[in-house]
Amino acid sequence: MVQKYQSPVRIYKYPFELVMAAYERRFPTCPEIPVLLGSQVLREARSADGAVHVVERSCRLRVEAPRLLRKIAGVEHVVFVQRNVLNWRERTLLIDAHNETFASRVVVRENCSYAVHPENEDWTCFEQSASLDIHSFFGFESALEKIAMNQYTANVKRGKEVIEHYLHELVSQGISHIPRWTPAPVREEDARAQAGPRDPGSLEVGGPSNPPTPAPETVGLDGDKLDVDYIERRLGHLTPVQESCLIQLRQWLQENHKGKIPKDQHILRFLRARDFHLDKAREMLCQSLSWRKQHQVDLLCQTWRPPAVLEEFYAGGWHYQDVDGRPLYILRLGHMDTKGLMKAVGEEALLWHVLSVNEEGQKRCEGNTKQFGRPISSWTCLVDLEGLNMRHLWRPWVKALLRMIEVVEANYPETLGRLLIVRAPRVFPVLWTLISPFINENTRQKFLIYSGSNYQGPGGLVDYLEEEVIPDFLGGECLCNVPEGGLVPKSLYLTDEAQEHADQLRQWRDTYQSASVLRGAPHEVEVEILEGESVITWDFDILRGDVVFSLYYTKRAARPGPREPGARAGGQLMDKGWVLGSEYSRVEAPLVCREGESIQGSHVTRWPGVYLLQWQMHGPPGHVACSLPGMEDVLTALHSPGARCKLLYYYEVLASEDFRGSMSSLASCTSRFSQLSAAASSSSSGQSHSGSLVSR
């Protein structure tokens, strides 16, 4: 594979003639470049009028590689041939260099150019490109490629410093101006000798020479090229390799992409998301550009106006900036009625609202870059989880959240600089287990999580936010205008007829299972747990009637016989001859659930075995017992008018390995999660952390 390098435009704020004088001081040897052992002129020629000077040099470079590799290669230095074409009339210097050592195994090409700045004739621009193609090298091709690229990029940075060193040396010697070249009077016989058109760059130099490779086009800062000062000022510090990747991807888009070219900050985010792997970043960016075009994201984000329900009940908004100048977005997730918002506006509206937040975040980053005079490419999010409970695990909402994460990760990479999570409750590890596999590892490393009041004092929010911008609801003095959220009235829910996305309802029904509960005939789900400390989660809606929900445990299957591993559901699975406290035990207290309510809950298992989720019809006080119904009760229920309850339910088992793995990965990227993690560990090793919550 051919490795390529392309530099940005580097600007010397000195005239071209003075820069050339500094450049010539690098030869034949240069103490400022230790890797250059020496050089000698092979051929040299000048045009008759002296305007063009062609020099071909042989340069010896020390090999900076491991001793074993040098011993195998049998060399301590390599030879490069450099051909310079200096045109005083056009004020340009074009340089072409290639390797002679190991030319059959490795091909190295470098092209450089010096030219006058198009907007200031007293400044000089420099640009270079290079390629490395390793055919074979004693089985060390990969190692050589890394060594060569690292050494080359290090020399790129050093080369600019060397020119500046000699410029300062010239000025200190009183040489601050060198007159421009002017043509000398030409005698008649010289004029006849020069008759006919001629390319100065192809002057004969006294012998055969390798044909030059195309040199870079004359530098022009016409908006199509980037200069180093612009990169430092607007994009931040980049290594030479990172600069090269940005320029190559930007140039590829200009040549191949039909449509609006993304801003440099946006291109750089995709490169960072793929660790500056050019091909992977190009693929990711192209997919994102296609997505934006397909969904008309630019237009929708310009015209997007959130529904009134979102403006009132979506508890999120922008709030000043953090200590690094990043825009700050506050989300009071624990105060949001996520289920109510889903039913009031639908999943698509919530997704577009989240996308509009990301678009606004990018604009605010650009504004803060101008305001503070330094590159700001990401924003900070502060998430308050006070009030987070099992109702936030309503499965349609979790699925919608995962979709939002997927879309944002794919199309807005590296826009999140830091995520501060405060007042994380005990239920948070369950939510984190569900969503963390969908979050990029680089993003997870930006999470800082605080349980309880750990966010207060040193090491807390004051490390990331100025005290005067800490919101009042977190103990600060700054009034925060972010909506407080709250329950969405059912009167604002979309009806089935008004639901713009009818397939959304079908997706919910595909996720949930339906069941009927008869008087005396409960509905039960059997879940087999193979190892302790797994987590059973449930989520159900009562569509008709009132039911009592309970969770039981037994060491043996409810009904013996051939069965598939995992879980099964049906009417009454438990043997009616079983005795509570002997053959089985209750691990969750009975919960009365009323018609129209939505219940979410979880249970951290303590032992392997069989767990039974049971729903039975709610009767008068005293009937919420554990006695199992007989055949007569079931027959009576079947023939009793109206004696039937209906529900939609969903359950999931989080394996111990997945649950603990998620917790450990979270703990590794935060300094304030220890208490929360310890609480979860103690709750699962001793008293099970469990419970249900009625949300609607």
Side-chain angles (χ1 to χ4, degrees), residues 291-292 295-320 327-364 379-389 391-409 411-412 415-416 419 421 431 435 471 473 479-505 507-508 541 598 600 695-696:
W291 170 82
R292 295 183 73 90
H295 298 281
Q296 297 184 311
V297 176
D298 292 331
L299 176 63
L300 280 167
C301 289
Q302 291 173 6
T303 59
W304 168 255
R305 296 294 180 271
V309 176
L310 282 180
E311 290 187 330
E312 182 176 356
F313 294 100
Y314 189 90
W318 295 100
H319 180 81
Y320 300 101
L328 175 64
Y329 189 83
I330 293 179
L331 182 65
R332 304 188 69 178
L333 183 60
H335 285 217
M336 279 174 55
D337 178 11
T338 52
K339 181 176 182 179
L341 287 173
M342 284 277 289
K343 289 194 170 186
V345 300
E347 180 180 332
E348 290 301 313
L350 278 171
L351 174 61
W352 282 113
H353 189 63
V354 170
L355 297 183
S356 70
V357 169
N358 280 271
E359 292 286 329
E360 176 66 20
Q362 293 183 129
K363 293 179 181 177
R364 287 176 177 262
W379 44 283
T380 293
C381 186
L382 170 61
V383 181
D384 179 21
L385 294 184
E386 183 190 47
L388 185 80
N389 47 50
R391 78 169 180 268
H392 291 89
L393 298 185
W394 185 55
R395 283 313 180 275
W397 158 250
V398 173
K399 284 194 170 185
L401 178 61
L402 294 179
R403 182 188 173 201
M404 294 174 197
I405 292 173
E406 182 181 16
V407 172
V408 170
E409 288 271 309
N411 299 285
Y412 301 91
T415 53
L416 182 65
L419 182 67
I421 298 178
L431 178 61
I435 67 173
F473 62 85
L479 179 64
C480 183
N481 294 322
V482 173
E484 295 184 2
L487 293 176
V488 178
K490 289 186 177 181
S491 60
L492 298 178
Y493 286 6
L494 295 174
T495 62
D496 290 347
E497 294 78 11
Q499 179 62 266
E500 296 181 5
H501 305 281
D503 60 329
Q504 188 177 78
L505 293 177
Q507 291 173 6
W508 294 357
D541 286 7
S598 180
Q600 294 82 35
S695 62
R696 299 294 285 164

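Not measured: the values here are computed from a predicted model. Only heavy atoms go into these numbers, but all of them, side chains included; no hydrogens, no water, no symmetry mates.
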Using 0.5 Å steps for rounding, measure from the [atom1] atom of [X] to the [atom2] atom of [Y].
X      : Y      : atom1 : atom2 : answer
Ile405 : Leu401 : CD1   : CG    : 4.0 Å
His335 : Leu388 : NE2   : CG    : 10.5 Å
Lys490 : Lys343 : NZ    : NZ    : 7.5 Å
Leu419 : Thr380 : CG    : OG1   : 9.0 Å
Trp352 : Glu359 : CH2   : CD    : 9.0 Å
Glu348 : Met342 : CD    : CE    : 10.0 Å

Write down the atom of [X], the atom of [Y], and the distance for their closest heavy-atom approach.
X      : Y      : answer
Gly316 : Pro483 : O-CD, 3.9 Å
Pro471 : Ile330 : CG-CD1, 3.5 Å
Glu484 : Arg332 : CG-NH1, 3.9 Å
Val488 : Ala344 : CG1-CB, 4.0 Å
Ser598 : Trp394 : OG-CD1, 4.1 Å
Pro327 : Trp318 : CB-CZ3, 3.8 Å

field: Partners passing side-chain hydrogen bond (donor to acceptor under 3.5 Å, both in side chains) against His319 (at least two apart in sequence or in another chain)
entry: none

- prompt: Got a sec, which residues hit side-chain hydrogen bond (donor to acceptor under 3.5 Å, both in side chains) with Thr338, two or more places apart in sequence or on another chain?
  reply: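 With sequence neighbours excluded, Thr338 shows a side-chain hydrogen bond (donor to acceptor under 3.5 Å, both in side chains) to no residue whatsoever.
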
- request: May I ask you to test the Asp337-Phe313 pair for a side-chain heavy-atom distance under 4.5 Å?
  value: no

- request: Answer yes or no: is there a side-chain heavy-atom contact under 4.5 Å between Phe473 and Val482?
  value: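 Side chain of Phe473 against side chain of Val482, heavy atoms only: no contact under 4.5 Å found.
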
- prompt: Counting only heavy atoms not in Tyr320, do more than 12 fall under 6.0 Å of its OH?
  reply: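 12 or below, so no.
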
query: Does CD in Glu406 sit with more than 12 non-hydrogen atoms of other residues, nucleotides or ligands closer than 6.0 Å?
result: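 It does not: Glu406 CD has 12 such atoms or fewer within range.
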
- request: Check Leu350, Asn411, Val407 against Leu355 for a side chain to side chain contact (heavy atoms under 4.5 Å, CB included) and give me the one that passes.
  value: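 Filter result, single survivor: Val407.
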
- prompt: Okay, side chain of His392, backbone of Leu333: is any donor-acceptor separation there less than 3.5 Å?
  reply: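 Looks like yes, one N/O pair under 3.5 Å.
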
task: Kindly state each residue pair satisfying salt bridge (Lys or Arg N to Asp or Glu O under 4.0 Å) with at least one member in residues 296-311, sequence neighbours excluded.
output: Arg292-Asp298

- prompt: Should the pair Tyr314 and His353 be assigned to parallel (<30°), tilted (30 to 60°) or perpendicular (>60°) ring geometry?
  reply: perpendicular

task: Show your reasoning for whether side chain to side chain contact (heavy atoms under 4.5 Å, CB included) applies to Trp379 and Val357.
output: CA-CA 11 Å; Trp379 44 283; Val357 169; 4.3 Å; yes

